[in-house]
Amino acid sequence: MTRTVYVNGSYLPEDQATVSIFDRGFLMADGVYEVTSVLDGKLIDFEGHAIRLERSMAALDMTSPITSEALADMFRELVRLNDIDQGMIYLQITRGNPGDRSFVFPDASLPATIVAFTQNIPNLADAPAAKTGFKVISVPDMRWGRVDIKTTQLLYPSMAKMMAKKAGVDDSWFVADDGGITEGTSNNAYIVKGNRIITRQLSTDILHGITRASVLRFAAEAQFEVEERPFTVAEAQAADEAFSTAASIFVMPVVEVDGKPVGKGTPGPVAARLREIYLDEMRKTAI
Ligand code: PDD
């Protein structure tokens, strides 16, 4: 089945969907994005993603070209057209096509470019990796200073993913100048000590994960203590458990950091429990 994608108001076969070479997203990485997961053919944590999208655009002085109601309708139509039961929807909004290259932002009246497509992942909820866990390495956080804005400039995270791949592991965790881990290449990072879940506090140093917000809320409701502060590689290696969260992986156990096992070196009970609670709750509130 050919994938049907969305470009600027049209639903088209993927090989007929085009964007200009002058698009600001292509020339300047001047665009924002969201990844929303789909379970049982429904959108997971949609409202959080829609709110963060607005926040990212506002931070970049971009005028929002679509209401969250219209966005939900468009996402649902893509899910229907592509018959997605489990998977993800990628949405990208750029500052549009000014018809030439310039460092100056085009006039705010220029129409934005909106692109969206689905990714069919039949075993997203039952991912084999969740049973074995991720191994990670630490790498210096060399990204720009506003990673709280979900922009499409993902070259360094992509390089960090390749560093992980070359090291024979699954992901990289970024380490800031203060020695604390900020987050993973495309996920938020946590450690567990006893009944306490530790993750870096919200700031411009990390993406304000939508999965993070939900998982921390469920963790508090399940009587875990939540401590928002930086933690080091050494602390992670000495922790009982570690895990990462993102719309693409939900709650993913992390079993090794820089070659040293975390806890027993196998997925721990807290990550498993949080994953289960997250999936249950999200399935109940999916739209
Ligand atoms: N990434 N941190 C970074 C740097 C991310 O890129 C992501 C998401 C997260 C987790 O955010 P959320 O829980 O809202 O998905 C944290 C997406 C999945 C991606 O780029 O594919």
Side-chain angles (χ1 to χ4, degrees), residues 25 29 31-39 43-56 59 71 75 86-93 115-119 121 124-125 127 129-130 134 136 138-164 170-176 180-190 197 199-219 228 230 242-252 254 271 274-275 277-279 281-282 285-286:
V32 299
Y33 78 106
E34 281 296 329
V35 175
T36 306
S37 48
V38 176
L39 290 177
L43 311 177
I44 297 301
D45 237 339
F46 174 78
E47 197 189 340
H49 289 283
I51 291 170
R52 186 175 60 192
L53 177 69
E54 293 291 328
R55 180 185 180 276
S56 294
L71 191 64
F75 279 10
Q86 292 189 27
M88 296 190 294
I89 304 170
Y90 176 85
L91 166 79
Q92 177 166 326
I93 301 183
V115 164
F117 56 83
T118 52
Q119 293 179 303
I121 309 170
L124 186 65
F134 272 8
V136 305
S138 63
V139 305
D141 196 340
M142 295 175 66
R143 300 173 299 166
W144 78 318
R146 288 302 307 274
V147 296
D148 58 312
I149 310 172
K150 200 161 172 61
T151 77
T152 56
Q153 44 159 325
L154 296 176
L155 182 55
Y156 187 69
S158 188
M159 289 167 70
K161 193 77 179 176
M162 292 311 295
M163 292 176 217
D170 304 288
D171 201 18
S172 290
W173 275 6
F174 295 127
V175 182
I181 287 160
T182 50
E183 58 185 336
T185 56
S186 55
N187 47 69
N188 292 114
Y190 309 73
I197 293 162
T199 192
R200 198 179 183 95
Q201 70 278 10
L202 296 181
S203 71
T204 51
D205 297 339
I206 63 168
L207 186 76
H208 301 190
I210 303 307
T211 319
R212 177 189 185 279
S214 295
V215 165
L216 291 186
R217 192 174 71 245
F218 299 143
E228 295 182 69
F243 62 92
S244 289
T245 67
S248 49
I249 52 173
F250 306 128
V251 178
M252 180 61 67
V254 168
L274 289 175
R275 184 180 174 92
I277 297 174
Y278 179 81
L279 286 170
E281 292 299 320
M282 286 295 125
T285 53

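In listed order, ligands and their atoms are each counted from 1.
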Sub-3.5 Å pairs, protein N or O with ligand 1 N or O:
residue	atom	partner	partner atom	Å
ligand 1	1 (N)	Lys150	NZ	3.2
ligand 1	1 (N)	Ser186	O	3.3
ligand 1	2 (N)	Glu183	OE1	2.6
ligand 1	13 (O)	Ile210	N	3.4
ligand 1	13 (O)	Thr211	N	2.9
ligand 1	13 (O)	Thr211	OG1	2.6
ligand 1	14 (O)	Arg52	NH1	2.8
ligand 1	14 (O)	Arg52	NH2	2.9
ligand 1	14 (O)	Ile210	N	2.8
ligand 1	15 (O)	Ala247	N	2.8
ligand 1	20 (O)	Tyr33	OH	2.6

Taking Leu207's backbone N and O only, do any of them form a donor-acceptor pair with Glu183's side chain (distance below 3.5 Å, no angle check)? yes

Among residues at least two apart in sequence or on other chains, which ones pass side-chain hydrogen bond (donor to acceptor under 3.5 Å, both in side chains) with Glu228? Arg212

Gln86: which residues meet the side-chain hydrogen bond (donor to acceptor under 3.5 Å, both in side chains) condition with it, sequence neighbours left out? none

Separation of Arg200 CZ from Ile181 CD1 (nearest 0.5 Å): 9.5 Å

Exercise answer: donor-acceptor pairs, residues 243-251 side-chain atoms, under 3.5 Å, sequence neighbours excluded:
residue	atom	partner	partner atom	Å
Ser244	OG	Trp173	NE1	3.2
Ser244	OG	Asn187	OD1	3.3
Thr245	OG1	Tyr190	OH	2.8

Return yes if a side-chain donor-acceptor contact under 3.5 Å exists between Asn188 and Thr199, otherwise no. no

